[in-house]
Q: 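Provided herewith is a single structure, encoded as structure tokens, for subsequent inquiry.
Remember, predicted model here, so these are calculated numbers, not experimental data. The first residue of the sequence shown is numbered 1, and numbering continues consecutively from there.
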Amino acid sequence: MKKILIVEDERLIAELQRDYLEIDGYGVEIAEDGEAGLDLALNGDFDLVLIDLMLPKLNGFELCRRIREKKDIPLLMVTAKKEDIDVVRGLGLGADDYITKPFKPAELVARVKAHLSRYERLVGTKEKRNEIHVRGLSIDADSRRVFKNKEEIVLTTKEFDLLFYLAGHPNRVFSKDQLFELLWGIDAMGDSQTVTVHVRKLREKIETTPADPQYIETVWGAGYRFKL
């Protein structure tokens with residue numbers, strides 16, 4: 001049984017999430033503040049964490065950052081806001097995706113299921129992967145590590161997945177919606193901004209000049225491609 005941790009200070013919302021996830025066969029625990037959530041996340045054996053943005057004691061951004069420092073599991077932010085700054089901050093700190101309140105419980109379950117499935121597939125097929133070397137950039141799929149000119153670059157889970165997928169299909173153009181569906185495992189549902197944020201964060205980390213990228217190129221009106 002997959003285990004989900006819900007970190008949510010509104011009890012009714014947390015219980016609603018728990019009920020729908022349990023109906024679908026998941027084991028669920030609830031933490032009502034950021035500090036309790038951090039303790040459970042780091043010391044428990046959870047497969048995915050749902051993190052509310054506005055939490056007492058430790059906010060969702062800081063909680064996400066501190067979990068990501070220690071754990072390589074899917075982190076989904078649940079927020080009542082959809083302003084760009086909140087999305088950028090959350091994804092930049094290591095969150096894999098976000099869902100905005102109010103949401104349909106079925107949509108939440110679908111996202112959880114998709115992220116768990118993608119994570120399990122990626123981890124379970126490591127032995128089939130190899131290394132990619134392009135102009136000083138090295139991507140080691142087995143260890144999920146990236147180096148540029150022999151210096152390691154630390155990526156979040158989804159940043160690595162996006163980079164490895166694009167680099168594994170060089171010179172092919174993918175739209176934002178295609179990348180979202182391929183790597184997040186669900187219909188884009190208007191969330192292509194998630195891909196935009198991840199591409200921008202990737203460029204900041206791997207490109208010498210992010211405004212003039214040599215690896216991930218924007219094809220205006222079409223999407224992105226990895227240049228060989």
Q: Walk me through it: do Thr196 and Phe180 pass the test side-chain contact (heavy atoms from CB on, under 4.5 Å)?
A: CA-CA 10 Å; Thr196 303; Phe180 193 88; over 6 Å; no

Q: Does Glu204 CD have over 12 foreign heavy atoms under 6.0 Å away?
A: yes

Q: Please name the pair of heavy atoms, one in Tyr224 and one in Leu179, separated by the smallest distance, quoted to 0.1 Å.
A: CD1-CD1, 4.1 Å

Q: Looking only at atom types and distance, does a side-chain atom of Glu207 sit under 3.5 Å from a main-chain N or O of Ile216, one as donor and one as acceptor?
A: yes

Q: Considering the options Arg68, His198, Met77, which one meets the side-chain contact (heavy atoms from CB on, under 4.5 Å) requirement together with Asp96?
A: Arg68

Q: Between His115 and Asp97, is any side-chain donor less than 3.5 angstrom from a side-chain acceptor?
A: yes

Q: Judged by atom type as modelled, is there a donor-acceptor pair below 3.5 Å linking the side chain of Tyr215 to the main-chain atoms of Arg135?
A: yes

Q: Linking Ile, Leu, Val, Met, Phe, Trp and Tyr by side-chain heavy atoms under 4.5 Å, what else ends up with Val173?
A: Val219

Q: Does Val154 share a hydrophobic cluster with Leu162, counting links as ILVMFWY side-chain heavy atoms below 4.5 Å and allowing steps through other members?
A: no

Q: Is there a continuous path of hydrophobic side-chain contacts, each under 4.5 Å between heavy atoms, that joins Leu166 to Val134?
A: yes

Q: Using modelled atom types only, decide if a donor and an acceptor are shared between the side chain of Lys148 and the backbone of Ile206 within a distance under 3.5 Å.
A: yes

Q: When you compare the side chain of Val78 with that of Leu76, does any pair of heavy atoms fall below 4.5 Å?
A: no

Q: So how far is it from Lys158 NZ to Leu163 CG, rounded to the nearest 0.5 Å?
A: 14.0 Å

Q: Output all residues satisfying salt bridge (Lys or Arg N to Asp or Glu O under 4.0 Å) with Glu217, sequence neighbours left out; order by chain, then residue number.
A: Arg225

Q: Donor-acceptor pairs under 3.5 Å, side chain of residues 12-29 to any protein atom, not counting sequence neighbours: which ones?
A:
from	atom 1	to	atom 2	distance (Å)
Glu15	OE2	Arg11	NE	3.0
Asp24	OD2	Lys113	NZ	3.1

Q: Test: salt bridge (charged side-chain N to carboxylate O under 4.0 Å, His left out). Region: residues 45-59. Which pairs qualify, not counting sequence neighbours?
A: Asp33-Lys57, Asp52-Lys101

Q: Enumerate the residue pairs fulfilling salt bridge (charged side-chain N to carboxylate O under 4.0 Å, His left out) with a member in residues 164-175, sequence neighbours excluded, ordered by first and then second residue.
A: none

Q: Do Phe147 and Leu155 sit in the same hydrophobic cluster, where Ile, Leu, Val, Met, Phe, Trp and Tyr count as joined when their side-chain heavy atoms come under 4.5 Å apart?
A: no

Q: Drop me the distance from Asn43's CG to Phe46's CZ, to the nearest 0.5 angstrom.
A: 10.0 Å

Q: Could you check if a side-chain atom of Thr208 sits within less than 4.5 angstrom of a side-chain atom of Gln214, using non-hydrogen atoms only?
A: yes

Q: For Asp9 versus Met54, what's the shortest heavy-atom pair and its separation?
A: OD1-O, 3.4 Å

Q: Mind checking side-chain hydrogen bond (donor to acceptor under 3.5 Å, both in side chains) for Glu69 and listing every partner two or more places apart, or none if nothing turns up?
A: Arg65

Q: What closest approach, in Å, do Ser138 and His133 show between heavy atoms, and which atom pair accounts for it?
A: OG-ND1, 2.9 Å

Q: Could you give the distance from CG (Leu53) to CG (Leu63), rounded to the nearest 0.5 Å?
A: 10.5 Å

Q: Look at the side chain of Gln178 and the backbone N and O of Ser175, then say whether any donor-acceptor pair between them is shorter than 3.5 Å.
A: yes

Q: Give the cluster check for Phe103 versus Leu116: same hydrophobic cluster or not, with ILVMFWY residues linked at side-chain heavy-atom distances below 4.5 Å.
A: yes

Q: Mind listing the closest non-hydrogen atom pair of Phe164 and Ile132 along with its distance?
A: CE1-CD1, 3.7 Å

Q: For Lys205, is there an ion pair with Glu159 - N to carboxylate O distance below 4.0 angstrom?
A: yes

Q: How close do Leu40 and Ile30 get, heavy atom to heavy atom, and via which atoms?
A: CD1-O, 4.4 Å

Q: Please round to the nearest 0.5 Å and tell me the distance separating atom CG of Leu50 and atom CD1 of Ile99.
A: 8.5 Å

Q: For residues Ala41 and Val49, report the shortest heavy-atom separation together with the two atoms involved.
A: CB-CG2, 4.5 Å

Q: Check the angle between the aromatic planes of Phe174 and His169 and answer parallel, tilted or perpendicular using the 30° and 60° thresholds.
A: perpendicular

Q: For Asp161 and Arg144, what are the C-alpha separation, side-chain angles and deciding distance, and is it a side-chain contact (heavy atoms from CB on, under 4.5 Å)?
A: CA-CA 9 Å; Asp161 292 344; Arg144 294 179 66 83; 2.7 Å; yes

